[in-house]
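One structure is given below, encoded as structure tokens.
Please read all numbers here as calculations on a predicted model, not as lab measurements. Just so it is clear: chains get the letters A, B, ... in the order the sequence lines come, proteins before strands, and each one is counted from 1.
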2 protein chains.
Amino acid sequence: MATMQDVADRAGVTKQTVSNVISGRVPVRPATAAKVRAAIAELGYTPNLVARSLATGATRTVGLFVPSVVGAFYATVVEEVEDVLEEHGYHLLLSTTRLDGERARRHLASLTSRSVDALLIAGDNDLIDHLPLLAEARFPVALCAWESEVPDSFPVVTIDYEQAGYLAGRHLRELGHERVAVLASPAHGTRIRGFRRAFAADGLAVPDSAVHYAPEPSQPGGHVAATAALTADPAVTGLFATHDVLALGALEAARSLGRSVPHDLSIVGHDDVPESRLTWPALTSVAIPSREMARQAIELLLRAVAKSAAPTNSLQLLRPELVARGSTGPVGDPPGRPGA
Amino acid sequence: MATMQDVADRAGVTKQTVSNVISGRVPVRPATAAKVRAAIAELGYTPNLVARSLATGATRTVGLFVPSVVGAFYATVVEEVEDVLEEHGYHLLLSTTRLDGERARRHLASLTSRSVDALLIAGDNDLIDHLPLLAEARFPVALCAWESEVPDSFPVVTIDYEQAGYLAGRHLRELGHERVAVLASPAHGTRIRGFRRAFAADGLAVPDSAVHYAPEPSQPGGHVAATAALTADPAVTGLFATHDVLALGALEAARSLGRSVPHDLSIVGHDDVPESRLTWPALTSVAIPSREMARQAIELLLRAVAKSAAPTNSLQLLRPELVARGSTGPVGDPPGRPGA
DNA sequence: CTGAAAGCGCTTACAG
DNA sequence: CTGAAAGCGCTTACAG
């Protein structure tokens, strides 16, 4: 493995000159530079990044924590983050926390040891308890895709989840639905709040008894919750699933219970994952700009790294958008008239 | 940021002793160790991993290249790799190549600069041309999820894709299908070969004209390919999709064309992604042990790192398994008799 | 524009 | 069991 000294010896200069040629921060006479470049090529020299990191104090690596990478939402976040990092010449150190807070804490602790220039935490499931650990981190930290209890000690780039819930609710209201139920995951309180606001605007309430929590954030979980919701109150005409996978399960459950979607049951999801387009009927869903969110968050972080200052501590809320498809229709829509 | 020297000063010892306490490789008198530990705690000292890496030459980081992280297959590989790494105290440097060979090459080049102790390359899409670059890498390299042109210069842990195709074919043969078509992605030649073997065993051929390539490896791509296959030869009774997403598209296409699955069309997929269980009818698919594969590959690599030797250069083929569900049935099965 | 020096924070033999 | 020294391969002021 050739070292910078080897290159210097071969080119007949000192290693500082080699360093200058590589970094370009100090001008080098063209003839000298050419000799150095030739030596680099002949030796197949490639700088030792670890040594550089030790000298500069920067690793050009950014850590990213996500709850999981299975599932379109976080996978998209990962890819977008990687794209931005790539543009700026950074590497990605990935950690999936997988509902294991203890494991998350360990990973966090090891990143603390200077191995990362910045840290982005996506999703609020597993790390919330360990955030204080980060308060003294010597690298910038930002959060994204945060819904519950947005901490004010770090910059946050997230979705306006309240608005997302509201859009879902307003859509059902506009179609005339009055009696509805919610299929939820525990952390989705903000979406439910927004959903309720849409009904409250018309003097209607969505009682707690109409909120059914899925045993797990999966399609089968949604199936279970939807079945519970529809048997608890068969008069329900609209369902809001706080997560598309739950909506997919609800679609199944509706079929099992002989409810026709959207003719006698409307279903609206949240996230607008690609699969939503592929169900039958296609799922109406609240689309959230996840790529945009990831990009904003990581760029904010990289800006802080560049000027080696703390990032501006702000809360940025990106706007969701309702995408109406076939799974929702006017209440009382007679069967046979296809939805959307 | 406290340094080892700071700890040493506070504990009244030299930094070598601190190092010994931390590493445990040299015995330290209990009283001294206690003083050191106290100092570490008081200072909140955490060793600088970059400095350690420079001194030891090991980064305790492993690089993983995957084509993408969106989609259950590679996402699962990523999580399994991370789990194994976590067990061994390693970090994950992730790179998704995203069909961009040039980008892949750049990432590869930068890893070469000593930032990684080992490298696992999953999937053969984007990096195949740059593999020779790795021949002189000073860290162990292994490949997994490799189908086409398995290189012999690196250890490979992959699936017996030929057998996978064969299982799909045999299943259709056992159900009496004779006239079939294949919906394929370009890189899946091995699966098709196995599929053909099952038919050849009974003296039947699957002509090239029966193989329809999807414009892209997505559900819509499968839809297009299936439509082409079924209109080119309406007498086809069985479809093998070399990738489950294509099969999902085929399911849609069949519905559009008024073909009832499995009564007058059987569909078998490949990969057995979780979504396959959720279609209606549920998709028959060839399950491949992707977690197992990822684990074997990464453990092989870690073993090589541990004994700082080249990994045993072998080709390991893991066995696929057919999972029969509702989307396949006996040929000529009258409608109304539900499949599986 | 080029060279000599010090230092980044650790680990690894090697003496005492 | 503990301390003094050298070195991992770079970069960053600082002289010439």
Side-chain angles (χ1 to χ4, degrees), chain A residues 1-37 39-40 43-61 89 110-117 138-139 308, chain B residues 1-37 39-40 43-61 89 110-117 138-139 308:
Chain A
M1 186 61 185
T3 170
M4 187 173 265
Q5 188 58 256
D6 298 336
V7 174
D9 292 348
R10 184 171 196 111
V13 299
T14 63
K15 64 176 195 270
Q16 296 77 324
T17 303
V18 177
S19 180
N20 290 338
V21 170
I22 291 173
S23 70
R25 52 168 56 238
V26 172
V28 173
R29 197 194 314 169
T32 312
K35 274 192 303 185
V36 169
R37 273 187 243 287
I40 287 176
L43 261 31
Y45 169 73
T46 145
N48 181 326
L49 264 27
V50 172
R52 178 181 291 173
S53 291
L54 183 58
T56 62
T59 59
R60 298 203 75 82
T61 297
S110 72
L111 287 195
T112 297
S113 302
R114 271 199 173 292
S115 25
V116 118
D117 289 349
R138 68 209 93 336
F139 46 77
S308 62
Chain B
M1 186 61 184
T3 171
M4 189 174 266
Q5 188 60 254
D6 299 335
V7 175
D9 292 347
R10 184 169 195 112
V13 299
T14 63
K15 64 175 194 277
Q16 296 76 324
T17 302
V18 176
S19 179
N20 290 337
V21 169
I22 291 172
S23 71
R25 53 169 54 239
V26 172
V28 173
R29 199 195 313 170
T32 312
K35 275 192 302 185
V36 170
R37 274 187 242 286
I40 288 176
L43 261 31
Y45 168 73
T46 144
N48 181 324
L49 264 27
V50 172
R52 178 180 290 174
S53 291
L54 184 57
T56 62
T59 59
R60 298 204 74 84
T61 297
S110 72
L111 286 195
T112 297
S113 303
R114 272 201 172 289
S115 28
V116 118
D117 289 349
R138 67 207 97 338
F139 46 77
S308 60

Self-check item: Toward the 5' end of DNA chain D, by each residue's nearest nucleotide, Gly12(B) or Ala51(B)
Solution: Gly12(B)
Quiz item: Between Ala58(B) and Ser53(B), which heavy-atom pair has the shortest distance, and what is it?
Solution: O-OG, 3.0 Å
Practice problem: Taking all non-hydrogen atoms of both residues into account, name the closest pair between Val28(A) and Thr32(A) and its distance. | Solution: CG1-CB, 3.8 Å
Quiz item: Nearest of dC8(C), dG9(C), dC1(C) to any side-chain atom of Asn48(B)?
Solution: dG9(C)
Quiz item: Could you state the CG-P distance from Leu54(B) to dG7(C), rounded to the nearest angstrom?
Solution: 17 Å
Practice problem: Have a look at Thr32(B) and say if it touches a base, only the backbone sugar-phosphate, or nothing, with a 4.0 Å heavy-atom cut-off. | Solution: sugar-phosphate
Quiz item: Whole-Å distance between dG3(D) P and Met4(B) CE?
Solution: 14 Å
Quiz item: Distance check: side-chain N/O of Thr17(B) vs OP1/OP2 of dC1(D), anything under 4.0 Å?
Solution: no
Exercise. Counting heavy atoms from C-beta on, name the nucleotide in dC8(D), dC10(D), dT11(C) closest to the side chain of Arg52(B).
Key: dT11(C)
Practice problem: Grab the two heavy atoms, one from Asp117(B) and one from Arg60(B), that are nearest each other, plus how far apart they are. | Solution: OD2-N, 2.7 Å
Practice problem: For Asn20(A) and dG3(C), give me the distance from atom CG to atom P, rounded to whole Å. | Solution: 10 Å
Quiz prompt | Candidates dC10(D), dT12(C), dT2(D) - which lies nearest the side chain of Arg29(B) | solution = dT2(D)
Quiz item: Could you state the CZ-C1' distance from Arg60(A) to dC10(D), rounded to the nearest angstrom?
Solution: 15 Å
Exercise. Would you mind telling me which of dT12(D), dG3(D), dC10(D) lies closest to the side-chain atoms of Arg25(A)?
Key: dT12(D)
Practice problem: Using whole Å, report how far CD1 of Ile22(A) lies from C1' of dT12(D). | Solution: 15 Å
Practice problem: Looking only at non-hydrogen atoms, find the nearest pair between Lys15(A) and Met4(A) and report the distance. | Solution: O-SD, 3.7 Å
Quiz item: What distance do Thr17(A) atom OG1 and Arg29(A) atom CZ have between them, rounded to the nearest 0.5 Å?
Solution: 10.5 Å
Practice problem: State which of dA5(D), dG9(C), dT12(D) makes the closest approach to the side chain of Gln16(A). | Solution: dT12(D)
Quiz prompt | Flag, side chain of Asp6(B) to backbone of Thr3(B), donor-acceptor distance under 3.5 Å | solution = yes
Quiz item: Based on Watson-Crick and G-U pairs with both distances under 3.5 Å, what dot-bracket line describes DNA chain C 5' to 3', crossing pairs as [ ] and inter-strand pairs as |?
Solution: |||.||||||||.|||
Exercise. Between dG3(C), dT11(C), dT2(C), spot the one nearest the side chain of Val26(A), thanks.
Key: dT2(C)
Quiz item: What pair of heavy atoms forms the shortest contact from Ile22(A) to Ile40(A), and how long is it?
Solution: CG1-CD1, 4.1 Å
Quiz item: For Thr14(A), which contact category applies under a 4.0 Å heavy-atom criterion: base, sugar-phosphate, or nothing?
Solution: base
Exercise. Using only side-chain N and O atoms of Thr3(B), determine if any of them is under 4.0 Å from OP1 or OP2 of dC8(C).
Key: no
Quiz item: For Lys15(A) and dT11(D), what is the distance between atoms NZ and P respectively, to the nearest whole Å?
Solution: 10 Å
Practice problem: Indicate the atoms forming the closest heavy-atom contact of Leu49(B) with Ser115(A), along with that distance. | Solution: CD2-OG, 4.0 Å
Exercise. Using whole Å, report how far CD of Gln5(B) lies from P of dC10(C).
Key: 10 Å
Exercise. When you get a sec, tell me which of dT11(C), dG3(C), dG3(D) is the closest nucleotide to the side chain of Thr56(B)?
Key: dT11(C)
Practice problem: Determine the contact category for Ser23(B): base if any of its heavy atoms lies under 4.0 Å from a base atom, sugar-phosphate if only primed atoms, P, OP1 or OP2 are that close, otherwise nothing. | Solution: nothing
Quiz item: Can you tell me how far C1' of dT11(D) sits from CG of Leu49(A), to the nearest Å?
Solution: 13 Å
